[in-house]
2 protein chains.
Amino acid sequence: MEPFAGDQALPGGFLNNAGEDILDAAQRELREEADLDPSRLHLEQLGTYGAPGRDPRGRVVSVAYLAIAPGLPEPVAGTDAAGASWVLADDVLAGCVKVAFDHRRIVADGVERARRKLEHTSLATAFCGETFTISELQQVYEAVWGVHLDPRNFYRKVQKVSGFILPAGGERKTTGGRPARLFRAGPRAVLHPPLVRPEPPSDDEGDR
Amino acid sequence: MEPFAGDQALPGGFLNNAGEDILDAAQRELREEADLDPSRLHLEQLGTYGAPGRDPRGRVVSVAYLAIAPGLPEPVAGTDAAGASWVLADDVLAGCVKVAFDHRRIVADGVERARRKLEHTSLATAFCGETFTISELQQVYEAVWGVHLDPRNFYRKVQKVSGFILPAGGERKTTGGRPARLFRAGPRAVLHPPLVRPEPPSDDEGDR
DNA sequence: CGAATAGTGTCTCTTAGACAATATTTA
DNA sequence: TAAATATTGTCTAAGAGACACTATTCG
């Protein structure tokens, strides 16, 4: 019996024998298994998972990476990514989509990492293209945090954080409304002050 | 020639063959090499370092852990920790103390992790004993952040974060001053709102 | 008493959040 | 014109930081 046969799984593989860096290995696997161009996305180490028994076939220690990019393509049949597909993180976390090994925990850790980093870094711009509107940036925050934000307050707040976003000149048409000014990511990666995420409903005591 | 002979190095070792968890291995090494009791300290995974050539003797991938605890003892001669010693992180970062391999980077990452987590988690209480005074807690923030904080504002601010610290009853004598009330860690691990660290002097653009 | 540390009050300035109002586009 | 989205204004309440002041202990 293969315990996880048919389940979704994160792309991954083994370090090669040439002594490659683990980041290089992550980029290679992303290209090989998902046909994605690593030069066009943000990739950061998430954590390492090495509990005994996490892979029933034997001892495996996995270094997980979190990738973030805008407008990722659907997998194309006939390519290396033919077997790949996109799955909503919420479906994985809710259990609607079964995933192999401890990959549900890895996804949970990745989502939590993204949520936290949106607060005190400019990571949100990695979800956007070269230029973007403030409304698009807001949608990133709303999607990742799972909250609704006031567009008017967001508009100014995000511009007040020095070095976060810069006017890029030009506008972008929207669906039946005033065109929005374009911005691009600024030089500052850590935000002062942070964009504090609204208090979660009122569930006491966070994780330990 | 041994390139790092005589340099300080972080305690560490290899996973054993019994398929132990990497956290267990970290705890075991801490006990074996530093004679510390893992049950009495906070231990969290920091990151994994696998650049080729980081160990000139061969390919080594290291999973680093960050440990935090109050009142750690000096190494005692004649024990397993006889060869160990404490070194100030600042001395390592400033280069006053040479360290082996890429351990300087690991220390830098660990310090940065602690600085960040002090903002949005109750990690600071892990530096304190079971009970502590607010002044002691403030010293943790000042030491880790490398800043000076106003004791009066800190006193109230830290108490206003619900669930962060709780009155423990009783007092502790101080050196020639009014005794301080004792507190203990509260149930909340993630702080809302966060204790935002004061803006660093004015060095533009943080790390990327 | 004076020095030292703990704890409280209060003031000012900034910011967060709510929401009215205006601007610019498509249908 | 109506609907939709973008951008600006303004008000209010809460929070941050500065700092005077009171409380309690030791020498």
Side-chain angles (χ1 to χ4, degrees), chain A residues 118-120 124 128-129 131-143 145 147-184 191-202, chain B residues 118-120 128-129 131-143 145-184 191-202:
Chain A
L118 244 51
E119 296 194 72
H120 61 264
C128 299
T131 63
F132 48 86
T133 68
I134 289 187
S135 165
E136 288 169 353
L137 192 63
Q138 179 182 346
Q139 286 166 32
V140 171
Y141 277 92
E142 291 184 334
W145 282 350
V147 298
H148 175 72
L149 304 171
D150 185 293
R152 300 160 291 187
N153 293 332
F154 184 85
Y155 190 90
R156 273 167 310 190
K157 189 170 180 175
V158 78
Q159 283 192 280
K160 204 155 29 178
V161 182
S162 82
F164 183 17
I165 61 172
L166 299 173
E171 301 184 332
R172 173 171 300 168
K173 289 197 169 44
T174 59
T175 64
R178 175 175 175 173
R181 292 201 267 257
L182 288 174
F183 293 82
R184 58 185 173 80
L191 306 183
H192 272 284
L195 293 174
V196 179
R197 150 171 52 159
E199 179 111 24
S202 87
Chain B
L118 245 50
E119 296 194 72
H120 61 262
C128 300
T131 63
F132 48 86
T133 69
I134 289 187
S135 164
E136 287 169 354
L137 191 64
Q138 179 182 346
Q139 286 167 32
V140 170
Y141 277 91
E142 291 185 334
W145 284 349
V147 299
H148 175 71
L149 304 172
D150 185 293
R152 300 160 292 187
N153 293 332
F154 184 85
Y155 190 90
R156 273 168 308 191
K157 190 170 181 175
V158 78
Q159 284 192 280
K160 205 157 26 179
V161 182
S162 79
F164 182 19
I165 61 172
L166 301 173
E171 302 183 332
R172 173 171 301 168
K173 289 197 170 43
T174 59
T175 65
R178 176 175 173 174
R181 292 201 267 258
L182 288 174
F183 293 82
R184 58 185 174 80
L191 306 183
H192 271 283
L195 293 174
V196 179
R197 149 170 55 158
E199 178 111 23
S202 88

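Just so it is clear: chains get the letters A, B, ... in the order the sequence lines come, proteins before strands, and each one is counted from 1.
Considering only residues two or more places apart in sequence or on other chains, A/Arg178 meets the side chain to side chain donor-acceptor pair (under 3.5 Å) condition with none of them. Residues forming a side chain to side chain donor-acceptor pair (under 3.5 Å) with A/Arg156 (at least two apart in sequence, or on another chain): A/Asn153. Checked against side-chain contact (heavy atoms from CB on, under 4.5 Å), B/Gln138 has the following partners two or more places apart in sequence or in another chain: B/Glu142, B/Leu149, B/Pro151, B/Phe154. Here B/Tyr155 pairs with B/Ile134, B/Gln159, B/Arg181 under the side-chain contact (heavy atoms from CB on, under 4.5 Å) rule; sequence neighbours left out. With sequence neighbours left out, the side-chain contact (heavy atoms from CB on, under 4.5 Å) criterion links A/Ala168 to A/Thr131, A/Leu182, A/Arg184. With sequence neighbours excluded, the residues forming a side chain to side chain donor-acceptor pair (under 3.5 Å) with B/Ser135 are B/Gln139, listed by chain and number.
Remark: B/Glu199 CD to A/His192 NE2 distance equals 5.5 Å, nearest 0.5 Å.
The two residues A/Trp145 and A/Leu118 have their closest heavy-atom pair at NE1-CB, 3.7 Å. Nearest heavy atoms, B/Ile165 versus B/Leu137: CG2-CD2, 4.1 Å.
In this entry the distance linking CG of A/Leu182 with C1' of D/dT7 reads 15 Å, nearest Å. Rounded to an integer number of Å, the gap from CZ of A/Arg181 to C1' of D/dT5 is 13 Å. Distance, A/Arg172 CZ to D/dT7 C1': 17 Å, rounded to whole Å.
In the 5' to 3' direction, nucleotides of DNA chain C lying under 4.0 Å from heavy atoms of chain A begin and end at C/dA16 to C/dT26.
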Verdict with supporting geometry, B/Leu195 and B/Phe164, side chain to side chain contact (heavy atoms under 4.5 Å, CB included):
CA-CA 11 Å; B/Leu195 293 174; B/Phe164 182 19; 3.9 Å; yes

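DNA chain D lies under 4.0 Å from at least one heavy atom of each of the following residues of residues 134-141 of chain A: A/Ser135. Applying a 4.0 Å cut-off to non-hydrogen atoms, the residues of residues 147-160 of chain A that approach DNA chain C are A/Asp150, A/Arg152, A/Asn153, A/Arg156, A/Lys157, listed by residue number.
Although no hydrogens or angles enter the test, the distance criterion places no donor-acceptor pair under 3.5 Å between the side chain of A/Glu119 and the main chain of A/Pro194.
For residues 157-173 of chain B, every residue pair satisfying the salt bridge (charged side-chain N to carboxylate O under 4.0 Å, His left out) rule, not counting sequence neighbours, is listed here: B/Glu136-B/Arg172.
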Dump every N/O contact between nucleotides 24-27 of chain D and the protein below 3.5 Å, one line per pair.
unit_1: D/dT24; atom_1: O2; unit_2: B/Arg178; atom_2: N; d: 3.3

